[in-house]
Amino acid sequence: MYCRKNSIIRKKILAYYENNKRDLPWRTEQDNNQNPYFTLVSEVMLQQTQVNTALVYYKKFIKKWPNLNSLAQANIEDVLTMWSGLGYYSRAKNLLKAAKIINQKHNGIIPEKYEDLICLPGIGEYTASAIVSFAFGKFSVVIDTNIKRFITRVNGLNKNDMVNKLKFNEIGKKMFPKSNSGKFAQAIMDFSSDICTKINPSCTKCFLKNYCKFDLSLEKNYERKKVKKKFSVVFFYIFKNKYFFLKKRDISGTLGGMYEVPGTAWQLKSWPKPYIKFKSISALTKTIRYKLSNTDLHTKIYKVNVKNKDDIKDSGIWVSKSDLEGFPLSVLTKKIIMYCMNEK
DNA sequence: AACCCGGGGGC
DNA sequence: GCCCCAGGGTT
């Protein structure tokens with residue numbers, strides 16, 4: 001059934017986009033014909049990460065690996081080093097894996113079919129539909145949280161409406177334009193970051209205010225807040241002159257393949273064996289409280305000045321400050337190193 | 001210090 | 001569906 005309201009929304013959103021669209025480096029071609037590789041890299045970086053944060057990494061990444069083939073030849077340590085500080089490092093691993101699979105099974109060409117894309121590691125429903133419509137110009141209902149919020153607000157939905165994935169898709173199918181779905185999705189995202197923001201949306205100046213059933217009171221107390229889990233960890237900054245000791249984490253598991261100053265697991269039970277002997281000679285240097293999405297990390301840092309590098313009965317490497325940019329390090333590891341290096 | 005933003009994957 | 005992922009941002 002033809003819906004006049006959706007037609008007006010489409011027209012106004014697309015017009016807004018023409019005049020206000022963000023100038024982003026992956027939006028290189030026409031709106032439904034973006035470079036598929038640029039789309040892939042940017043959309044993976046934008047998973048759980050906001051545009052301004054991803055931008056710097058995106059530019060560095062594309063400069064180093066300008067096309068899919070070059071990325072497929074890369075090694076994981078270089079990709080993780082590039083990703084250092086961006087977080088959620090399994091994205092980097094999956095992106096490299098996906099590039100290698102595309103090289104082997106798809107002749108180096110990023111597949112155009114949703115069914116092929118969604119089989120690649122790190123590519124889920126959102127990213128697959130984004131590539132399909134942004135790069136290949138096919139109709140696809142792209143659903144991210146901005147678009148969910150938009151659909152919820154325009155239709156005045158509330159928590160009693162039991163809105164789930166299917167419902168969003170159903171509404172989206174009627175709302176997204178048949179020939180410009182990718183452009184429309186990107187338009188809503190820009191609109192959401194500018195006008196239809198989560199907090200304090202600019203409803204009074206919004207060009208859709210007469211077509212929107214949004215009621216601020218409906219949105220209050222939607223989510224209940226989660227309690228962050230607390231963990232205690234100990235790290236050892238072991239140094240001799242300007243060199244300090246780094247250990248590579250096992251490639252599988254959390255932060256796999258990243259380097260760190262050696263430490264305990266998240267639940268502190270006892271000091272790991274190679275470091276027990278430092279217990280008596282080192283004093284607590286610093287406690288850092290480091291908060292992430294779901295965790296509240298209490299880290300204790302011990303600085304240990306060793307006389308001989310052989311004192312460490314553990315596998316690892318000795319590096320100095322100037323070597324650091326060549327290694328994949330998490331933000332917390334960087335903080336610990338910076339603190340210990342600068343502290344007298 | 002207390003919130004907010006946010007997609008994939010494993011279960 | 002729900003939880004986790006070892007971030008970054010604003011107020």
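What you are looking at is a predicted structure, and each value in this text was computed from that prediction instead of being measured. Lettering of chains follows the sequences in order, A, B, ..., and the numbering in each one begins at 1.
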*Taking atom types as modelled, is there a side-chain donor on A:E43 or A:Y126 under 3.5 Å from an acceptor on the other?*
yes
_Does B:dG8 have OP1 or OP2 under 4.0 Å away from a side-chain N or O of A:T127?_
yes
*Between atom NE2 in A:H298 and atom P in C:dA6, what is the gap in whole Å?*
19 Å
*asked:* Considering every strand and a 4.0 Å limit on heavy-atom distances, what is the contact class for A:E43: base, sugar-phosphate, or nothing?
replied: nothing
*If you look at every strand shown and take non-hydrogen atoms under 4.0 Å, does A:S90 touch a base, only sugar-phosphate, or nothing?*
nothing
*Where the side chain of A:E260 is concerned, which of B:dC4, B:dG6, C:dA6 is the nearest nucleotide?*
C:dA6
_Looking at every non-hydrogen atom in both residues, tell me the closest pair between A:G85 and A:V331 and how far apart they are._
CA-CG2, 3.6 Å
*Please determine, for the side chain of A:N146, which listed nucleotide (B:dG6, C:dG8, C:dA6) has the closest atom?*
B:dG6
*Please report, rounded to the nearest Å, how far the P atom of B:dG8 is from the CG atom of A:L96.*
19 Å
*Hey, which of these two, A:L46 or A:I123, hits DNA chain B nearer its 5' end, going by closest nucleotide?*
A:L46
*Base, sugar-phosphate alone, or nothing: which one does A:D144 contact when heavy atoms must sit under 4.0 Å apart?*
sugar-phosphate
*What integer number of Å spans the C1' atoms of B:dG9 and C:dG8?*
22 Å
*With a non-hydrogen cut-off below 4.0 angstrom, is A:T333 in contact with a base, only sugar-phosphate, or nothing?*
nothing
*Looking only at heavy atoms, what is the nearest atom pair of A:S202 and A:D194, with distance?*
OG-O, 4.3 Å
*Assign the ring pair A:F207 / A:F191 to parallel, tilted or perpendicular, where the plane angle (0 to 90°) is split at 30° and 60°.*
tilted
*Just to confirm, is there a sub-4.0 Å distance from OP1 or OP2 of B:dC5 to any side-chain nitrogen or oxygen of A:K198?*
yes
*Between B:dG6 and C:dT11, how far is it from one P atom to the other, in whole Å?*
15 Å
*Please work out if A:R289 contacts a base, only the sugar-phosphate, or nothing of the nucleic acid, heavy-atom cut-off 4.0 Å.*
nothing
_Check: B:dG7 base within 3.5 Å donor-acceptor of A:Q47 side chain_ = no
_Protein-nucleotide distance (A:K291, atom NZ; C:dG9, atom C1'), rounded to Å_ = 15 Å
*If you check every side-chain atom of A:F235, which of B:dG7, C:dG8, C:dA6 has the closest atom?*
C:dA6
*For A:D190 and B:dC5, what is the distance between atoms CG and C1' respectively, to the nearest whole Å?*
16 Å
*On a whole-Å scale, what distance lies between the P atoms belonging to B:dA2 and C:dA6?*
24 Å
*Taking CG from A:L297 and C1' from C:dC5, how many angstroms apart are they, rounded to a whole number?*
13 Å
*Check whether the side chains of A:Y16 and A:D190 place a donor and an acceptor atom closer than 3.5 Å, and report yes or no.*
no
*Does the side chain of A:Q186 pick up a donor-acceptor pair with the side chain of A:R27 at under 3.5 Å?*
yes
*Out of C:dA6, B:dC5, B:dG8, whichever nucleotide has its closest atom nearest the side chain of A:T254*: C:dA6
*Where the side chain of A:Q48 is defined as all heavy atoms beyond and including C-beta, which of C:dG8, B:dG8, B:dG6 is the nearest nucleotide?*
B:dG6
*Within a radius of less than 6.0 Å around NZ of A:K334, do more than 12 heavy atoms belonging to other residues, nucleotides or ligands occur?*
yes
*The side chain of A:T53 lies closest to which of these nucleotides: C:dG9, B:dG6, C:dA6?*
C:dG9
_Distance, rounded to the nearest Å, where A:D296 contributes CG and B:dA2 contributes C1'_ = 12 Å
*May I have the distance from A:L292 (atom CG) to B:dC5 (atom P), rounded to whole angstrom?*
18 Å
*Using whole Å, report how far OH of A:Y259 lies from P of C:dA6.*
18 Å
*Report yes or no: is there a donor-acceptor pair, N or O only, under 3.5 Å between the side chain of A:Y88 and the base of B:dG6?*
yes
*Between A:I118 and A:I199, name the one whose nearest nucleotide on DNA chain B is closer to the 5' end.*
A:I199
*Checking all strands, does A:Y57 fall into the base, sugar-phosphate, or nothing category for heavy-atom contacts under 4.0 angstrom?*
nothing
*Give none if B:dG6 has no partner; otherwise give the nucleotide forming a Watson-Crick or G-U wobble pair with it, both distances under 3.5 Å.*
none
